Number of protein chains: 2
Amino acid sequence: MQNQHPTENNDPVTITLTDRLFDTLQRAIVEGEIQSGSKISEPELARQHGVSRGSLREAIGRLEARKLVERKPNLGARVVTLSYEQLIEIYQVREALEGMAARLAAQNMSDREIAELQTLLNQHGRQIEEVHGEAYFQKQGDLDFHYRIVQGSKNRHLIGLLCNDLYHLLRMYRFQFGMRSKRSGQAYDEHHYLLNAISARDPEMAELLMRQHIRSSRRNVERMLLEN
Amino acid sequence: MQNQHPTENNDPVTITLTDRLFDTLQRAIVEGEIQSGSKISEPELARQHGVSRGSLREAIGRLEARKLVERKPNLGARVVTLSYEQLIEIYQVREALEGMAARLAAQNMSDREIAELQTLLNQHGRQIEEVHGEAYFQKQGDLDFHYRIVQGSKNRHLIGLLCNDLYHLLRMYRFQFGMRSKRSGQAYDEHHYLLNAISARDPEMAELLMRQHIRSSRRNVERMLLEN
DNA sequence: AAACCAAATATTGTCGACACATTTAGAGTT
DNA sequence: AACTCTAAATGTGTCGACAATATTTGGTTT
(Lines give C-alpha, C1' and ligand atoms only; values in the text may rest on other atoms or scores of the structure.)
Protein backbone atom coordinates (compact mmCIF):
# COMPACT_ATOMS: atom_id res chain seq x y z
CA MET A 1 0.00 0.00 0.00
CA GLN A 2 2.98 2.31 0.33
CA ASN A 3 3.37 4.52 -2.70
CA GLN A 4 6.84 5.38 -3.81
CA HIS A 5 7.84 8.06 -6.21
CA PRO A 6 8.60 6.75 -9.68
CA THR A 7 11.75 8.85 -9.66
CA GLU A 8 13.09 8.73 -6.12
CA ASN A 9 16.49 9.91 -7.24
CA ASN A 10 17.45 12.18 -4.40
CA ASP A 11 20.54 10.07 -3.72
CA PRO A 12 23.85 11.64 -4.56
CA VAL A 13 25.47 9.76 -7.42
CA THR A 14 28.94 10.16 -6.00
CA ILE A 15 30.93 6.97 -6.18
CA THR A 16 33.65 6.77 -3.59
CA LEU A 17 36.92 4.96 -4.06
CA THR A 18 35.92 2.37 -1.51
CA ASP A 19 32.72 1.73 -3.47
CA ARG A 20 34.63 0.96 -6.64
CA LEU A 21 37.12 -1.19 -4.79
CA PHE A 22 34.32 -3.11 -3.17
CA ASP A 23 32.58 -3.75 -6.48
CA THR A 24 35.81 -4.84 -8.13
CA LEU A 25 36.79 -7.18 -5.32
CA GLN A 26 33.30 -8.60 -5.01
CA ARG A 27 33.28 -9.47 -8.70
CA ALA A 28 36.77 -10.93 -8.51
CA ILE A 29 35.82 -13.12 -5.58
CA VAL A 30 32.48 -14.22 -6.96
CA GLU A 31 33.98 -15.16 -10.31
CA GLY A 32 36.87 -17.02 -8.68
CA GLU A 33 39.56 -14.65 -9.86
CA ILE A 34 40.69 -14.47 -6.26
CA GLN A 35 40.69 -18.07 -5.25
CA SER A 36 38.27 -19.30 -2.65
CA GLY A 37 40.01 -19.89 0.67
CA SER A 38 43.03 -17.79 -0.22
CA LYS A 39 44.46 -15.21 2.09
CA ILE A 40 44.03 -11.56 1.29
CA SER A 41 47.20 -9.56 1.75
CA GLU A 42 46.38 -5.95 2.38
CA PRO A 43 49.69 -4.46 1.24
CA GLU A 44 49.72 -6.50 -1.94
CA LEU A 45 46.10 -5.78 -2.91
CA ALA A 46 46.52 -2.12 -2.07
CA ARG A 47 49.54 -1.90 -4.33
CA GLN A 48 47.85 -3.81 -7.15
CA HIS A 49 44.91 -1.43 -7.17
CA GLY A 50 47.00 1.63 -6.51
CA VAL A 51 45.14 2.59 -3.39
CA SER A 52 45.85 3.10 0.27
CA ARG A 53 45.37 0.38 2.84
CA GLY A 54 42.74 2.39 4.67
CA SER A 55 40.34 2.43 1.75
CA LEU A 56 41.05 -1.21 1.06
CA ARG A 57 40.26 -2.16 4.63
CA GLU A 58 36.88 -0.48 4.42
CA ALA A 59 36.12 -2.43 1.28
CA ILE A 60 37.20 -5.67 2.95
CA GLY A 61 34.92 -4.81 5.84
CA ARG A 62 31.96 -4.69 3.49
CA LEU A 63 32.97 -7.97 1.91
CA GLU A 64 33.03 -9.45 5.38
CA ALA A 65 29.53 -8.17 6.10
CA ARG A 66 28.35 -9.95 2.98
CA LYS A 67 30.06 -13.11 4.09
CA LEU A 68 32.40 -13.24 1.12
CA VAL A 69 35.48 -13.05 3.31
CA GLU A 70 36.20 -14.02 6.90
CA ARG A 71 38.42 -11.97 9.11
CA LYS A 72 40.36 -12.85 12.21
CA PRO A 73 42.06 -10.19 14.32
CA ASN A 74 45.77 -9.85 13.60
CA LEU A 75 45.61 -12.75 11.16
CA GLY A 76 43.94 -11.05 8.24
CA ALA A 77 41.12 -11.88 5.88
CA ARG A 78 40.53 -15.00 3.82
CA VAL A 79 38.06 -15.58 1.03
CA VAL A 80 35.38 -17.91 2.32
CA THR A 81 35.78 -21.57 1.53
CA LEU A 82 32.75 -22.98 -0.14
CA SER A 83 31.30 -26.13 1.31
CA TYR A 84 28.41 -28.39 0.52
CA GLU A 85 26.92 -27.77 3.96
CA GLN A 86 27.01 -24.03 3.54
CA LEU A 87 25.33 -24.27 0.17
CA ILE A 88 22.48 -26.22 1.71
CA GLU A 89 22.19 -23.57 4.42
CA ILE A 90 21.91 -20.90 1.79
CA TYR A 91 19.16 -22.73 0.01
CA GLN A 92 17.23 -23.06 3.25
CA VAL A 93 17.46 -19.35 3.88
CA ARG A 94 16.51 -18.68 0.29
CA GLU A 95 13.46 -20.88 0.56
CA ALA A 96 12.25 -18.95 3.59
CA LEU A 97 12.95 -15.48 2.25
CA GLU A 98 11.91 -15.95 -1.36
CA GLY A 99 8.79 -17.76 -0.27
CA MET A 100 7.84 -14.69 1.71
CA ALA A 101 8.86 -12.49 -1.20
CA ALA A 102 6.50 -14.35 -3.52
CA ARG A 103 3.69 -14.03 -0.98
CA LEU A 104 4.22 -10.29 -0.75
CA ALA A 105 4.67 -9.91 -4.49
CA ALA A 106 1.23 -11.42 -5.00
CA GLN A 107 -0.12 -8.61 -2.84
CA ASN A 108 2.08 -5.71 -3.84
CA MET A 109 3.17 -5.98 -7.45
CA SER A 110 1.43 -3.57 -9.76
CA ASP A 111 -0.57 -4.92 -12.70
CA ARG A 112 1.97 -3.34 -14.95
CA GLU A 113 4.88 -5.12 -13.27
CA ILE A 114 3.06 -8.42 -13.55
CA ALA A 115 2.46 -7.85 -17.24
CA GLU A 116 6.14 -7.06 -17.80
CA LEU A 117 7.15 -10.18 -15.95
CA GLN A 118 4.80 -12.16 -18.18
CA THR A 119 6.55 -10.72 -21.23
CA LEU A 120 9.95 -11.64 -19.80
CA LEU A 121 8.82 -15.17 -19.14
CA ASN A 122 7.55 -15.56 -22.69
CA GLN A 123 10.96 -14.53 -23.99
CA HIS A 124 12.54 -17.22 -21.84
CA GLY A 125 10.16 -19.75 -23.29
CA ARG A 126 11.21 -18.89 -26.81
CA GLN A 127 14.91 -18.98 -25.89
CA ILE A 128 14.53 -22.46 -24.47
CA GLU A 129 13.01 -23.70 -27.71
CA GLU A 130 15.77 -22.13 -29.78
CA VAL A 131 18.88 -23.11 -27.87
CA HIS A 132 17.87 -26.54 -26.75
CA GLY A 133 20.05 -27.47 -23.78
CA GLU A 134 22.21 -24.38 -23.70
CA ALA A 135 22.03 -23.53 -20.03
CA TYR A 136 23.64 -20.12 -19.88
CA PHE A 137 20.64 -18.07 -20.92
CA GLN A 138 18.33 -20.00 -18.67
CA LYS A 139 20.47 -19.40 -15.60
CA GLN A 140 20.54 -15.71 -16.34
CA GLY A 141 16.84 -15.81 -17.01
CA ASP A 142 16.18 -17.67 -13.80
CA LEU A 143 18.02 -14.99 -11.87
CA ASP A 144 16.13 -12.20 -13.65
CA PHE A 145 12.82 -13.78 -12.82
CA HIS A 146 13.60 -14.26 -9.15
CA TYR A 147 15.10 -10.81 -8.96
CA ARG A 148 11.91 -9.20 -10.21
CA ILE A 149 9.70 -11.06 -7.81
CA VAL A 150 11.87 -10.04 -4.90
CA GLN A 151 11.67 -6.44 -6.05
CA GLY A 152 7.92 -6.89 -6.34
CA SER A 153 7.63 -7.68 -2.66
CA LYS A 154 8.27 -3.97 -2.00
CA ASN A 155 9.90 -4.98 1.27
CA ARG A 156 13.23 -3.20 1.33
CA HIS A 157 14.67 -5.39 4.03
CA LEU A 158 13.86 -8.49 2.08
CA ILE A 159 15.22 -6.94 -1.10
CA GLY A 160 18.47 -6.02 0.59
CA LEU A 161 18.94 -9.40 2.20
CA LEU A 162 18.38 -11.30 -1.02
CA CYS A 163 19.77 -9.07 -3.75
CA ASN A 164 22.71 -7.62 -1.85
CA ASP A 165 23.80 -10.55 0.28
CA LEU A 166 22.55 -13.95 -0.74
CA TYR A 167 22.55 -13.70 -4.51
CA HIS A 168 26.23 -12.85 -4.73
CA LEU A 169 27.13 -15.83 -2.60
CA LEU A 170 24.94 -18.00 -4.79
CA ARG A 171 26.58 -16.70 -7.94
CA MET A 172 29.92 -17.55 -6.39
CA TYR A 173 28.86 -21.16 -5.94
CA ARG A 174 27.55 -21.29 -9.48
CA PHE A 175 30.83 -20.05 -10.87
CA GLN A 176 33.11 -22.25 -8.87
CA PHE A 177 31.12 -25.45 -8.79
CA GLY A 178 30.13 -24.97 -12.40
CA MET A 179 26.49 -25.53 -11.58
CA ARG A 180 24.38 -25.89 -14.67
CA SER A 181 20.72 -26.74 -14.39
CA LYS A 182 19.62 -29.79 -16.29
CA ARG A 183 16.05 -28.87 -15.80
CA SER A 184 15.53 -25.63 -17.66
CA GLY A 185 12.23 -26.89 -19.02
CA GLN A 186 10.84 -27.79 -15.66
CA ALA A 187 12.07 -24.57 -14.08
CA TYR A 188 10.31 -22.66 -16.83
CA ASP A 189 7.06 -24.47 -16.10
CA GLU A 190 7.39 -23.76 -12.41
CA HIS A 191 7.97 -20.08 -13.11
CA HIS A 192 4.82 -20.14 -15.15
CA TYR A 193 2.69 -21.61 -12.39
CA LEU A 194 4.14 -19.16 -9.93
CA LEU A 195 3.38 -16.19 -12.11
CA ASN A 196 -0.18 -17.45 -12.50
CA ALA A 197 -0.60 -17.47 -8.75
CA ILE A 198 0.73 -13.93 -8.54
CA SER A 199 -1.58 -12.79 -11.32
CA ALA A 200 -4.47 -14.33 -9.43
CA ARG A 201 -3.33 -12.39 -6.34
CA ASP A 202 -3.10 -15.60 -4.36
CA PRO A 203 -0.34 -15.05 -1.76
CA GLU A 204 -0.68 -18.44 -0.11
CA MET A 205 -0.30 -20.29 -3.39
CA ALA A 206 2.51 -18.03 -4.56
CA GLU A 207 4.56 -18.76 -1.47
CA LEU A 208 3.89 -22.47 -1.71
CA LEU A 209 4.96 -22.66 -5.34
CA MET A 210 8.06 -20.59 -4.80
CA ARG A 211 9.18 -22.80 -1.96
CA GLN A 212 8.61 -25.92 -4.00
CA HIS A 213 10.50 -24.37 -6.87
CA ILE A 214 13.50 -23.62 -4.69
CA ARG A 215 13.39 -27.04 -3.05
CA SER A 216 13.46 -28.67 -6.49
CA SER A 217 16.36 -26.51 -7.44
CA ARG A 218 18.18 -27.51 -4.26
CA ARG A 219 17.57 -31.21 -4.87
CA ASN A 220 18.93 -30.75 -8.36
CA VAL A 221 22.07 -29.19 -6.98
CA GLU A 222 22.47 -31.96 -4.42
CA ARG A 223 22.29 -34.61 -7.11
CA MET A 224 24.74 -32.75 -9.28
CA LEU A 225 27.32 -32.40 -6.53
CA LEU A 226 27.05 -35.99 -5.41
CA GLU A 227 27.81 -37.13 -8.94
CA ASN A 228 31.26 -35.55 -8.90
CA MET B 1 23.25 -34.16 10.91
CA GLN B 2 26.48 -32.17 11.02
CA ASN B 3 28.31 -32.74 14.27
CA GLN B 4 30.17 -29.83 15.73
CA HIS B 5 32.71 -29.90 18.47
CA PRO B 6 31.30 -28.99 21.87
CA THR B 7 34.29 -26.71 22.41
CA GLU B 8 34.99 -25.07 19.09
CA ASN B 9 37.10 -22.38 20.68
CA ASN B 10 39.88 -22.08 18.16
CA ASP B 11 39.05 -18.41 17.59
CA PRO B 12 41.55 -15.92 18.90
CA VAL B 13 40.05 -13.99 21.77
CA THR B 14 41.72 -10.76 20.75
CA ILE B 15 39.34 -7.86 20.94
CA THR B 16 40.29 -5.05 18.64
CA LEU B 17 39.57 -1.41 19.33
CA THR B 18 37.08 -1.32 16.50
CA ASP B 19 35.26 -4.26 18.07
CA ARG B 20 34.81 -2.45 21.36
CA LEU B 21 33.77 0.74 19.61
CA PHE B 22 31.24 -1.16 17.56
CA ASP B 23 29.71 -2.83 20.62
CA THR B 24 29.54 0.44 22.50
CA LEU B 25 27.95 2.35 19.65
CA GLN B 26 25.53 -0.43 18.85
CA ARG B 27 24.32 -0.46 22.44
CA ALA B 28 24.08 3.33 22.51
CA ILE B 29 22.03 3.37 19.33
CA VAL B 30 19.76 0.49 20.26
CA GLU B 31 18.99 1.96 23.66
CA GLY B 32 18.36 5.40 22.21
CA GLU B 33 21.31 7.08 23.85
CA ILE B 34 22.25 8.34 20.41
CA GLN B 35 18.96 9.61 19.11
CA SER B 36 17.30 7.94 16.19
CA GLY B 37 17.67 10.00 13.04
CA SER B 38 20.50 12.09 14.41
CA LYS B 39 23.65 12.74 12.46
CA ILE B 40 26.86 11.05 13.50
CA SER B 41 29.78 13.44 13.54
CA GLU B 42 33.02 11.54 13.11
CA PRO B 43 35.34 14.11 14.71
CA GLU B 44 33.08 14.55 17.71
CA LEU B 45 32.52 10.85 18.35
CA ALA B 46 36.20 10.10 17.85
CA ARG B 47 37.10 12.72 20.42
CA GLN B 48 34.47 11.52 22.90
CA HIS B 49 35.77 7.98 22.78
CA GLY B 50 39.40 9.00 22.57
CA VAL B 51 40.04 7.15 19.36
CA SER B 52 41.14 7.92 15.85
CA ARG B 53 38.70 8.56 13.05
CA GLY B 54 39.95 5.56 11.12
CA SER B 55 38.91 3.08 13.75
CA LEU B 56 35.63 4.88 14.22
CA ARG B 57 34.88 4.72 10.54
CA GLU B 58 35.37 0.96 10.51
CA ALA B 59 32.95 0.65 13.40
CA ILE B 60 30.42 2.85 11.60
CA GLY B 61 30.81 0.64 8.55
CA ARG B 62 29.72 -2.36 10.58
CA LEU B 63 26.78 -0.45 12.01
CA GLU B 64 25.77 0.35 8.45
CA ALA B 65 25.96 -3.31 7.47
CA ARG B 66 23.54 -4.06 10.31
CA LYS B 67 21.25 -1.34 9.13
CA LEU B 68 21.54 0.68 12.31
CA VAL B 69 22.94 3.68 10.47
CA GLU B 70 22.66 4.95 6.92
CA ARG B 71 25.55 6.52 5.14
CA LYS B 72 25.65 8.86 2.19
CA PRO B 73 28.92 9.73 0.46
CA ASN B 74 30.37 13.06 1.59
CA LEU B 75 27.36 13.67 3.79
CA GLY B 76 28.10 11.32 6.64
CA ALA B 77 26.15 8.78 8.62
CA ARG B 78 22.79 9.11 10.36
CA VAL B 79 21.16 6.76 12.81
CA VAL B 80 18.23 5.11 11.06
CA THR B 81 14.84 6.67 11.59
CA LEU B 82 12.33 4.16 12.83
CA SER B 83 9.07 3.98 10.99
CA TYR B 84 5.93 1.96 11.27
CA GLU B 85 6.39 0.62 7.76
CA GLN B 86 9.90 -0.57 8.45
CA LEU B 87 8.76 -2.33 11.61
CA ILE B 88 6.18 -4.25 9.61
CA GLU B 89 8.86 -5.17 7.11
CA ILE B 90 11.03 -6.53 9.89
CA TYR B 91 8.21 -8.65 11.20
CA GLN B 92 7.64 -10.10 7.76
CA VAL B 93 11.27 -11.08 7.46
CA ARG B 94 11.21 -12.48 10.96
CA GLU B 95 8.17 -14.57 10.18
CA ALA B 96 9.93 -16.13 7.20
CA LEU B 97 13.29 -16.72 8.88
CA GLU B 98 12.13 -17.82 12.30
CA GLY B 99 9.52 -20.06 10.74
CA MET B 100 12.33 -21.81 8.92
CA ALA B 101 14.41 -21.82 12.10
CA ALA B 102 11.64 -23.60 13.99
CA ARG B 103 11.30 -26.13 11.20
CA LEU B 104 15.02 -26.88 11.29
CA ALA B 105 15.13 -26.86 15.09
CA ALA B 106 12.54 -29.64 15.11
CA GLN B 107 14.96 -31.65 13.02
CA ASN B 108 18.30 -30.65 14.47
CA MET B 109 18.02 -29.78 18.16
CA SER B 110 19.47 -32.40 20.45
CA ASP B 111 17.25 -34.05 23.04
CA ARG B 112 19.30 -32.34 25.68
CA GLU B 113 18.75 -28.90 24.19
CA ILE B 114 15.04 -29.55 24.02
CA ALA B 115 14.99 -30.57 27.66
CA GLU B 116 16.85 -27.42 28.66
CA LEU B 117 14.43 -25.31 26.70
CA GLN B 118 11.59 -27.02 28.51
CA THR B 119 13.18 -26.08 31.81
CA LEU B 120 13.58 -22.48 30.71
CA LEU B 121 9.96 -22.32 29.67
CA ASN B 122 8.79 -23.66 33.02
CA GLN B 123 10.72 -20.88 34.74
CA HIS B 124 8.93 -18.35 32.59
CA GLY B 125 5.63 -19.87 33.58
CA ARG B 126 6.39 -19.41 37.24
CA GLN B 127 7.59 -15.84 36.71
CA ILE B 128 4.36 -14.95 34.99
CA GLU B 129 2.34 -16.20 37.96
CA GLU B 130 4.49 -14.28 40.42
CA VAL B 131 4.79 -10.88 38.80
CA HIS B 132 1.35 -10.56 37.32
CA GLY B 133 1.52 -7.97 34.57
CA GLU B 134 5.13 -6.98 34.91
CA ALA B 135 6.23 -7.18 31.33
CA TYR B 136 9.99 -6.80 31.58
CA PHE B 137 10.84 -10.36 32.47
CA GLN B 138 8.51 -11.73 29.87
CA LYS B 139 10.09 -9.69 27.10
CA GLN B 140 13.50 -10.89 28.10
CA GLY B 141 12.15 -14.40 28.38
CA ASP B 142 10.53 -14.15 24.98
CA LEU B 143 13.86 -13.19 23.46
CA ASP B 144 15.68 -16.00 25.24
CA PHE B 145 13.22 -18.53 23.95
CA HIS B 146 13.41 -17.37 20.36
CA TYR B 147 17.16 -17.09 20.59
CA ARG B 148 17.52 -20.71 21.60
CA ILE B 149 15.32 -22.01 18.85
CA VAL B 150 17.29 -20.07 16.27
CA GLN B 151 20.49 -21.56 17.66
CA GLY B 152 18.82 -24.94 17.51
CA SER B 153 18.37 -24.67 13.76
CA LYS B 154 22.13 -25.25 13.47
CA ASN B 155 22.07 -23.14 10.31
CA ARG B 156 24.83 -20.59 10.76
CA HIS B 157 23.53 -18.31 8.07
CA LEU B 158 20.15 -18.20 9.68
CA ILE B 159 21.68 -17.68 13.09
CA GLY B 160 23.78 -14.79 11.85
CA LEU B 161 20.93 -13.11 10.05
CA LEU B 162 18.62 -13.26 13.03
CA CYS B 163 20.87 -12.90 16.05
CA ASN B 164 23.37 -10.45 14.61
CA ASP B 165 21.21 -8.31 12.40
CA LEU B 166 17.49 -8.45 13.02
CA TYR B 167 17.32 -8.81 16.78
CA HIS B 168 19.28 -5.64 17.47
CA LEU B 169 16.99 -3.66 15.21
CA LEU B 170 14.01 -5.17 16.98
CA ARG B 171 15.40 -4.30 20.39
CA MET B 172 15.86 -0.77 19.13
CA TYR B 173 12.18 -0.54 18.31
CA ARG B 174 11.22 -2.00 21.66
CA PHE B 175 13.31 0.58 23.49
CA GLN B 176 12.18 3.58 21.57
CA PHE B 177 8.53 2.80 21.03
CA GLY B 178 8.27 1.45 24.56
CA MET B 179 6.67 -1.72 23.31
CA ARG B 180 5.33 -3.86 26.11
CA SER B 181 3.38 -6.96 25.36
CA LYS B 182 -0.07 -7.15 26.90
CA ARG B 183 -0.27 -10.77 26.08
CA SER B 184 2.43 -12.45 28.11
CA GLY B 185 0.04 -15.24 29.04
CA GLN B 186 -0.91 -15.98 25.48
CA ALA B 187 2.68 -15.78 24.29
CA TYR B 188 3.64 -18.26 26.96
CA ASP B 189 0.97 -20.66 25.76
CA GLU B 190 2.14 -20.30 22.18
CA HIS B 191 5.69 -21.03 23.22
CA HIS B 192 4.42 -24.13 24.89
CA TYR B 193 2.63 -25.43 21.81
CA LEU B 194 5.67 -24.69 19.72
CA LEU B 195 7.99 -26.57 22.02
CA ASN B 196 5.62 -29.52 21.94
CA ALA B 197 5.85 -29.62 18.17
CA ILE B 198 9.64 -29.53 18.37
CA SER B 199 9.68 -32.29 20.97
CA ALA B 200 7.49 -34.35 18.67
CA ARG B 201 10.01 -33.69 15.88
CA ASP B 202 7.27 -32.25 13.68
CA PRO B 203 8.97 -29.66 11.44
CA GLU B 204 5.85 -28.71 9.51
CA MET B 205 3.88 -28.00 12.66
CA ALA B 206 6.79 -26.19 14.30
CA GLU B 207 7.09 -23.79 11.40
CA LEU B 208 3.36 -23.20 11.28
CA LEU B 209 3.14 -22.44 14.99
CA MET B 210 6.15 -20.16 14.93
CA ARG B 211 4.73 -18.16 12.07
CA GLN B 212 1.39 -17.81 13.79
CA HIS B 213 3.15 -16.75 16.95
CA ILE B 214 5.05 -14.01 15.17
CA ARG B 215 1.98 -12.87 13.28
CA SER B 216 0.09 -12.53 16.57
CA SER B 217 2.96 -10.57 17.98
CA ARG B 218 2.92 -8.30 14.97
CA ARG B 219 -0.81 -7.69 15.21
CA ASN B 220 -0.33 -6.84 18.86
CA VAL B 221 2.32 -4.30 17.94
CA GLU B 222 0.12 -2.81 15.25
CA ARG B 223 -2.76 -2.31 17.69
CA MET B 224 -0.42 -0.80 20.24
CA LEU B 225 1.04 1.70 17.82
CA LEU B 226 -2.32 2.72 16.41
CA GLU B 227 -3.54 3.55 19.91
CA ASN B 228 -0.94 6.27 20.38
C1' DA C 1 13.60 41.94 4.96
C1' DA C 2 14.24 38.25 1.62
C1' DA C 3 17.18 36.24 -1.78
C1' DC C 4 21.47 35.48 -3.77
C1' DC C 5 26.64 35.05 -3.91
C1' DA C 6 31.46 34.35 -1.97
C1' DA C 7 34.69 33.51 1.53
C1' DA C 8 35.47 30.96 5.66
C1' DT C 9 34.73 26.95 8.36
C1' DA C 10 33.81 22.21 9.30
C1' DT C 11 33.34 17.38 7.71
C1' DT C 12 34.31 13.51 4.99
C1' DG C 13 37.50 10.69 1.84
C1' DT C 14 42.11 9.23 1.26
C1' DC C 15 46.78 8.68 2.34
C1' DG C 16 51.39 7.54 4.54
C1' DA C 17 53.65 6.40 8.92
C1' DC C 18 54.20 4.22 13.38
C1' DA C 19 53.16 0.50 17.05
C1' DC C 20 52.28 -4.02 17.94
C1' DA C 21 51.44 -8.93 16.70
C1' DT C 22 52.56 -12.85 13.86
C1' DT C 23 55.28 -15.44 10.84
C1' DT C 24 59.59 -16.62 8.88
C1' DA C 25 64.68 -17.23 8.85
C1' DG C 26 68.76 -18.52 11.00
C1' DA C 27 71.98 -19.71 14.75
C1' DG C 28 73.00 -22.70 18.28
C1' DT C 29 72.39 -27.04 21.00
C1' DT C 30 71.66 -31.94 21.48
C1' DA D 1 69.26 -34.07 11.19
C1' DA D 2 65.78 -32.56 14.37
C1' DC D 3 64.62 -29.26 17.86
C1' DT D 4 64.53 -24.79 20.34
C1' DC D 5 65.22 -20.18 20.79
C1' DT D 6 66.14 -15.61 19.07
C1' DA D 7 66.06 -12.02 15.71
C1' DA D 8 64.71 -10.19 11.37
C1' DA D 9 60.93 -9.43 8.33
C1' DT D 10 56.35 -9.20 7.12
C1' DG D 11 51.45 -7.92 8.13
C1' DT D 12 47.69 -5.93 10.75
C1' DG D 13 45.77 -2.26 13.99
C1' DT D 14 45.79 2.51 14.91
C1' DC D 15 46.89 7.16 14.29
C1' DG D 16 47.52 12.03 12.50
C1' DA D 17 47.66 14.90 8.29
C1' DC D 18 46.23 16.50 3.73
C1' DA D 19 42.81 17.00 -0.18
C1' DA D 20 38.17 17.33 -1.77
C1' DT D 21 33.55 18.16 -0.79
C1' DA D 22 29.52 20.32 2.22
C1' DT D 23 27.89 23.65 5.24
C1' DT D 24 27.86 27.94 7.47
C1' DT D 25 28.74 32.81 7.71
C1' DG D 26 28.46 37.34 6.32
C1' DG D 27 28.00 40.75 3.04
C1' DT D 28 25.66 42.55 -1.23
C1' DT D 29 21.78 43.38 -4.17
C1' DT D 30 16.92 43.88 -5.00
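A note on names: the letters A, B, ... follow the listed sequences, proteins ahead of strands, and every chain is numbered from 1. A quick note: this is a predicted structure, and the numbers were derived from the prediction, not measured.
For B/R57, the listed nucleotide lying nearest its side chain is C/dT14; candidates were D/dG13, D/dG11, C/dT14. With C/dT12, C/dC15, D/dG13 as the candidates, the nucleotide lying closest to the side chain of A/V51 is C/dC15.
Protein atom CG of B/L17 is 5 Å distant from nucleotide atom P of D/dT14, rounded to whole Å. One can place CD of A/E58 at 12 Å from C1' of C/dC15, the figure rounded to the nearest angstrom. Summarising the geometry, the separation between CD on A/E42 and P on C/dC15 is reported as 14 Å, rounded to the nearest angstrom. To the nearest angstrom, P of C/dG16 lies 14 Å from CZ of A/R47. Atom NE2 in B/H49 sits about 17 Å away from atom C1' in D/dC15, given to the nearest Å. Taking atom CG of residue B/L45 and atom P of nucleotide C/dT11, one finds them 12 Å apart after rounding to whole Å. Taking atom CG of residue A/L75 and atom C1' of nucleotide D/dG11, one finds them 10 Å apart after rounding to whole Å. Residue B/L21 contributes atom CG, which lies 11 Å from atom C1' of D/dT14 at whole-angstrom precision.
Across all strands shown, B/I15 has no heavy atoms under 4.0 Å from either base or sugar-phosphate atoms. Counting any heavy atom pair closer than 4.0 Å across all strands shown, A/L56 reaches no nucleic acid atom.
If you check distances only, the side chain of A/R53 does reach the base of D/dG13 with a donor-acceptor pair under 3.5 Å.
Checking the phosphate oxygens (OP1, OP2) of D/dT14, a side-chain nitrogen or oxygen of B/T18 falls inside 4.0 Å. Of the side-chain N and O atoms in B/S55, one or more sit less than 4.0 angstrom from OP1 or OP2 of D/dC15. For A/S52 and C/dT14, the shortest distance from a side-chain N or O to OP1 or OP2 is not below 4.0 Å. Contact annotation: B/K39 reaches the phosphate of C/dT12 (side-chain N/O to OP1 or OP2, under 4.0 Å). For C/dT14, one of the phosphate oxygens OP1 or OP2 lies less than 4.0 angstrom from a side-chain nitrogen or oxygen of A/T16.
Looking at B/H191 and B/D142, their side chains do bring a donor and an acceptor atom within 3.5 Å of each other.
By the 6.0 Å contact criterion, CD on B/Q35 is open, its count of non-hydrogen atoms from other residues, nucleotides or ligands being 12 or less.
Across all their heavy atoms, A/A102 and A/I149 have their closest contact at CA-CG2, 4.0 Å. Nearest heavy atoms, A/G37 versus A/R78: O-NE, 3.2 Å.
Side chain of B/S110 to main chain of B/E113: a donor-acceptor pair is present (N/O by atom type, distance under 3.5 Å, no hydrogens or angles).
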